[in-house]
Amino acid sequence: RGTPVWCGQAIRLTHLGTGRNLHSHRFTSPLSGNQEVSAFGEAGEGDYLDDWTVVCSGTYWVRDDEVRFQHTSTDVFLSVTGEQYGRPIHGQKEVHGMATSSQNNYWKVMEGIFMQPSEAFQMEQYHAEL
């Protein structure tokens with residue numbers, strides 16, 4: 001069923017089609033001049049530069065909430081600001097890392113598979129001792 005993702009937890013984001021991880025390192029991105037973000041690894045295997053911290057407001061990353069991803073090694077925030085490639089991927093926006101938090105680095109789940117939280121998880125989230 002999956003497990004809840006904690007705010008502050010380090011995760012890896014893996015592209016299902018290629019098996020490559022979202023990766024960053026201290027190289028300049030080609031369009032914006034921010035930090036480059038790329039795909040790395042094989043079959044979900046990579047290195048420590050594939051790790052991102054989930055930055056959110058509650059205890060867990062909740063489906064309808066906005067979230068930020070901060071690179072664990074370089075502290076940049078996963079961002080997109082509107083710069084678009086011409087060739088060979090015309091119209092695709094550059095995703096990069098920015099040193100400061102801004103409106104450009106909020107992300108929200110728009111599609112995917114939603115798993116209803118287990119009853120134990122729901123009780124843990126809403127239960128309070130008197």
Specify the closest pair of heavy atoms between Cys7 and Gly58, including all atoms of both residues, with the distance to one decimal.
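Scanning both residues, the minimum pair turns out to be SG-O, 3.0 Å.
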Find out whether [X] and [Y] are in side-chain contact, i.e. whether some heavy atom of one side chain is under 4.5 Å from a heavy atom of the other.
X: Tyr48; Y: Ser73; result: yes
X: Asn104; Y: Met98; result: yes
X: Ser38; Y: Phe27; result: no
X: Arg68; Y: Cys56; result: no

Any donor-acceptor pair under 3.5 Å linking the side chain of Asp47 with the backbone of Leu49?
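Present.
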Any donor and acceptor pair, going by atom type alone, linking the side chain of Trp6 with main-chain N or O of Val54 inside 3.5 Å?
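Here the side-chain-to-backbone pair does not exist.
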Evaluate the criterion salt bridge (Lys or Arg N to Asp or Glu O under 4.0 Å) for residue pair Arg20 and Glu42; output intermediate values, then yes/no.
CA-CA 6 Å; Arg20 296 186 184 276; Glu42 295 288 334; 3.0 Å; yes
Please work out which of the three classes, parallel, tilted or perpendicular, describes the rings of Phe69 and Trp61, given edges at 30° and 60°.
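Aromatic pair Trp61/Phe69 classed perpendicular.
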Hydrophobic cluster membership, with links at side-chain heavy-atom distances under 4.5 Å among I/L/V/M/F/W/Y: are Phe77 and Val109 in one?
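No, because Phe77 and Val109 fall into different hydrophobic clusters, even though each may have its own neighbours under 4.5 Å.
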Using the rule side chain to side chain contact (heavy atoms under 4.5 Å, CB included), only one of [options] pairs with [X]; which is it?
X: Lys93; options: Leu31, Thr81, Val80; result: Val80
X: Ile11; options: Val5, Thr72, Asp50; result: Val5
X: His71; options: Val37, Leu78, Val76; result: Val76

Does a salt bridge link Asp51 with Arg12, judged by any charged N lying under 4.0 Å from a carboxylate O?
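Salt bridge present between Asp51 and Arg12.
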To the nearest 0.5 Å, how far apart are OG in Ser101 and OH in Tyr106?
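Taking OG in Ser101 and OH in Tyr106, the distance rounds to 7.0 Å.
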Could you measure the distance from the CD atom of Glu83 to the CD atom of Gln92? Nearest 0.5 Å is fine.
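One gets 13.0 Å once the value is rounded to the nearest 0.5 Å.
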Of Thr100, Asn105, Asn34, which is the lone residue that meets side chain to side chain donor-acceptor pair (under 3.5 Å) with Ser79?
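Among Thr100, Asn105, Asn34, the one meeting side chain to side chain donor-acceptor pair (under 3.5 Å) with Ser79 is Asn105.
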Looking only at the side chains, is there a donor atom on one of [X] and [Y] sitting less than 3.5 Å from an acceptor on the other?
X: His25; Y: Glu36; answer: yes
X: Ser32; Y: Glu94; answer: yes
X: Thr53; Y: Gln9; answer: no

Got a sec: does the CG of Leu16 have more than 12 other heavy atoms crowding it under 6.0 Å?
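Open: at most 12 neighbouring heavy atoms sit under 6.0 Å from CG of Leu16.
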Check the surroundings of atom CD in Glu45: do more than 12 heavy atoms from other residues, nucleotides or ligands lie under 6.0 Å from it?
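Counting other residues, nucleotides and ligands, CD of Glu45 stays at 12 neighbours or fewer.
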